[in-house]
Amino acid sequence: MRDVLVPVAIKYQQVQLYMNAKSKGQSQQTAAAKAGISARTARRIESGSHRSQRGRPRDWRTRADPLDGHWEADLLPLLEREPRLEPITLFEALKALYPGQYDDKLRTVQRRVERWKAKHGKPKEVMFKIQHAPGELGLSDFTHPFEVRITVKEQSFQHILYHYRLAFSGWQYVQVIQGGESFVGLSQGLQNALFACGGVPQQHRTDSLSAAYRNTGGRHPQLTQMYAEICDHYRVQPTRNNPGVAHENGSIESSHGYFKRRLCQALYRRGSFDFESVAQWSSAPAFCWTSVRNPKRR
């Protein structure tokens with residue numbers, strides 16, 4: 001009976017050497033000789049029927065199971081019953097069952113749990129990166145001041161900060177607002193920000209600010225109409241993220257902490273948190289960086 005010849009797997013590096021030689025214009029025979037393969041193997045590479053050792057799936061162990069089968073017998077049933085169990089909890093259960101045998105196997109248990117949850121655990125929330133175009137989106141939000149206590153003539157000054165940011169360039173504007181969130185604070189801050197920027201984006205995004213929106217009319221339905229009239233005056237489309245979904249407004253939420261840290265550093269450098277007047281604090285050098293950042297990328 002005639003023996004059936006099974007093609008022998010060739011090394012990935014040999015395939016690369018052969019293809020590089022061919023790309024330089026060398027003949028098939030010369031390129032095969034440089035790669036250390038036969039002309040027949042070269043023809044299999046050309047036709048795509050060759051067997052390469054790289055990327056072949058491995059279905060066998062290269063060393064003994066470090067958990068000696070106790071993952072399947074003892075830990076996996078616990079994880080299947082309660083998927084919220086953490087690796088450290090399972091590791092402690094393993095040590096309790098077999099004292100002194102697996103004290104150095106925490107990382108092994110962590111890897112097993114990670115692989116199991118990737119296949120059988122609760123699906124993770126999928127988020128897609130948003131690509132912003134120049135001049136497309138501006139965002140507004142209110143945020144509370146940082147950890148330091150600002151005083152005016154040594155009296156505590158209660159206020160919040162209005163924050164405006166362009167999504168594409170990161171250009172920012174910050175303004176002191178006395179009191180809490182209000183329609184006056186929003187409209188004044190937005191108009192001052194647009195004036196400082198020197199342009200108007202296509203869309204203006206907020207979260208569900210009570211100063212701009214009342215989802216069902218609320219106690220002051222006229223606020224929604226007044227905000228709409230301001231946006232119509234500047235020919236900007238008002239948009240908002242869904243209530244309770246903060247990451248939809250992440251282009252400005254994530255930058256709150258950054259600019260407040262910068263303000264804190266400027267105040268630390270100044271050496272005092274006390275100001276002679278509200279106007280002095282509102283025009284403090286600590287705010288200057290926000291109105292000139294990335295001016296060429298608006």
Without swapping roles, check the side chain of Gln26 against the backbone of Lys22 for a donor-acceptor pair under 3.5 Å.
no
Here the pair of heavy atoms bringing Val236 nearest to Pro201 is CG2-O, 3.4 Å
One should read off an interatomic distance between Leu90 CG and His70 NE2, to the nearest 0.5 angstrom, of 14.5 Å
Please state whether the rings of Tyr98 and Tyr102 are parallel, tilted or perpendicular, taking 30° and 60° as the class boundaries. perpendicular
Separation between NE2 (His163) and NZ (Lys260), nearest 0.5 Å, reads 10.0 Å
ask   = With the threshold set at 4.0 Å, does a side-chain nitrogen-carboxylate oxygen contact exist between Arg112 and Asp65?
value = yes
Sorted by chain and number, sequence neighbours left out, ring-ring contact (aromatic ring centres under 6.0 Å, His included) with His144 holds for none
* Asked: Would you say Gln101 has more than 12 foreign heavy atoms packed within less than 6.0 Å of its CD?
  -> yes
Donor-acceptor under 3.5 Å (Asp232 side chain, Ala228 main chain):
no
Between the main-chain N or O of Arg84 and the side-chain N or O of Glu82, is there a donor-acceptor pair closer than 3.5 Å?
-> yes
Contacts of Thr89 meeting side chain to side chain donor-acceptor pair (under 3.5 Å) (sequence neighbours excluded), chain-then-number -> none
| Should we say atom NZ of Lys34 is surrounded by more than 12 heavy atoms from elsewhere, each under 6.0 Å from it? | no
Glu86 atom CD: more than 12 heavy-atom contacts under 6.0 Å: no
**Request:** Return yes if some donor-acceptor pair links the side-chain N/O of Gln14 with the main-chain N/O of Lys11 below 3.5 Å, else return no.
**Result:** yes
I would like to know whether Leu78 and Leu85 meet side chain to side chain contact (heavy atoms under 4.5 Å, CB included); could you show each step before the answer? CA-CA 8 Å; Leu78 294 175; Leu85 288 173; 4.0 Å; yes
Show, in sequence, the C-alpha distance, side-chain angles and deciding distance for Thr239 and Gln237, and conclude whether the side chain to side chain donor-acceptor pair (under 3.5 Å) test is met. CA-CA 6 Å; Thr239 63; Gln237 178 187 356; over 6 Å; no
Can you find a pair of side-chain heavy atoms, one from Pro77 and one from Arg81, that are under 4.5 Å apart? no
Taken to the nearest 0.5 Å, the spacing of Asp68 CG from Asp74 CG works out to 11.0 Å
Value for CG (Leu161) from CD (Gln175), rounded to nearest 0.5 Å, stands at 10.0 Å
Value for SG (Cys231) from NE2 (His233), rounded to nearest 0.5 Å, stands at 11.0 Å
Output, in order, the C-alpha distance, side-chain angles, deciding distance and verdict of side chain to side chain contact (heavy atoms under 4.5 Å, CB included) for Leu194 and Leu190. CA-CA 6 Å; Leu194 297 178; Leu190 175 60; 4.1 Å; yes
Correct closest heavy-atom pair for Leu94 and Val109 would be CD2-CG2, 4.3 Å
- Query: Are a donor atom and an acceptor atom from the side chains of His204 and Tyr164 found within less than 3.5 Å of each other?
  - Reply: no
Decide yes or no on side chain to side chain contact (heavy atoms under 4.5 Å, CB included) for Trp71 and Leu79, but give the supporting numbers first. CA-CA 10 Å; Trp71 165 257; Leu79 192 58; 4.0 Å; yes
For this session: Answer yes if the side chains of Tyr18 and Gln13 hold a donor-acceptor pair under 3.5 Å, and no otherwise.
Result: no
Q. How are the rings of Trp281 and Phe275 set to each other: parallel, tilted or perpendicular (split at 30° and 60°)?
A. tilted
Could you tell me whether the side chains of Tyr162 and Ser140 share a donor-acceptor contact shorter than 3.5 Å?
yes
Apply side chain to side chain contact (heavy atoms under 4.5 Å, CB included) to residues Trp171 and Cys197 and explain how you reach the verdict.
CA-CA 8 Å; Trp171 183 92; Cys197 177; 3.5 Å; yes
Say whether Ile37 and Leu17 are linked into one hydrophobic cluster, either directly or through other cluster members, by side-chain heavy-atom distances under 4.5 angstrom.
no
Without swapping roles, check the side chain of Thr30 against the backbone of Ser27 for a donor-acceptor pair under 3.5 Å. no
Rounded to the nearest 0.5 angstrom, the CD1-CG distance for Ile88 and Leu106 is 5.0 Å
Side chain Asp274, main chain Lys153, donor-acceptor under 3.5 Å: yes
For Leu166 and Gly138, the nearest pair of non-hydrogen atoms, with its separation, is CD2-CA, 4.1 Å
Residues Asp103 and Gly100: closest non-hydrogen pair is OD2-CA, 3.7 Å
Taking every heavy atom of Leu186 against every heavy atom of Phe142, the minimum-distance pair comes out as N-CZ, 3.6 Å
Residues Ala196 and Tyr173: closest non-hydrogen pair is CB-CD1, 4.1 Å
Those residues at least two apart in sequence (or on a different chain) that pass side chain to side chain donor-acceptor pair (under 3.5 Å) with Glu276 are none
Side-chain touch Thr206/Tyr227, heavy atoms, less than 4.5 angstrom
yes
task: Answer yes or no: is there a side-chain heavy-atom contact under 4.5 Å between Phe157 and Phe273?
output: no
>> Can a donor-acceptor pair be found, under 3.5 Å and without considering hydrogens, that links the side chain of His120 to the backbone of Ala118?
In response: no
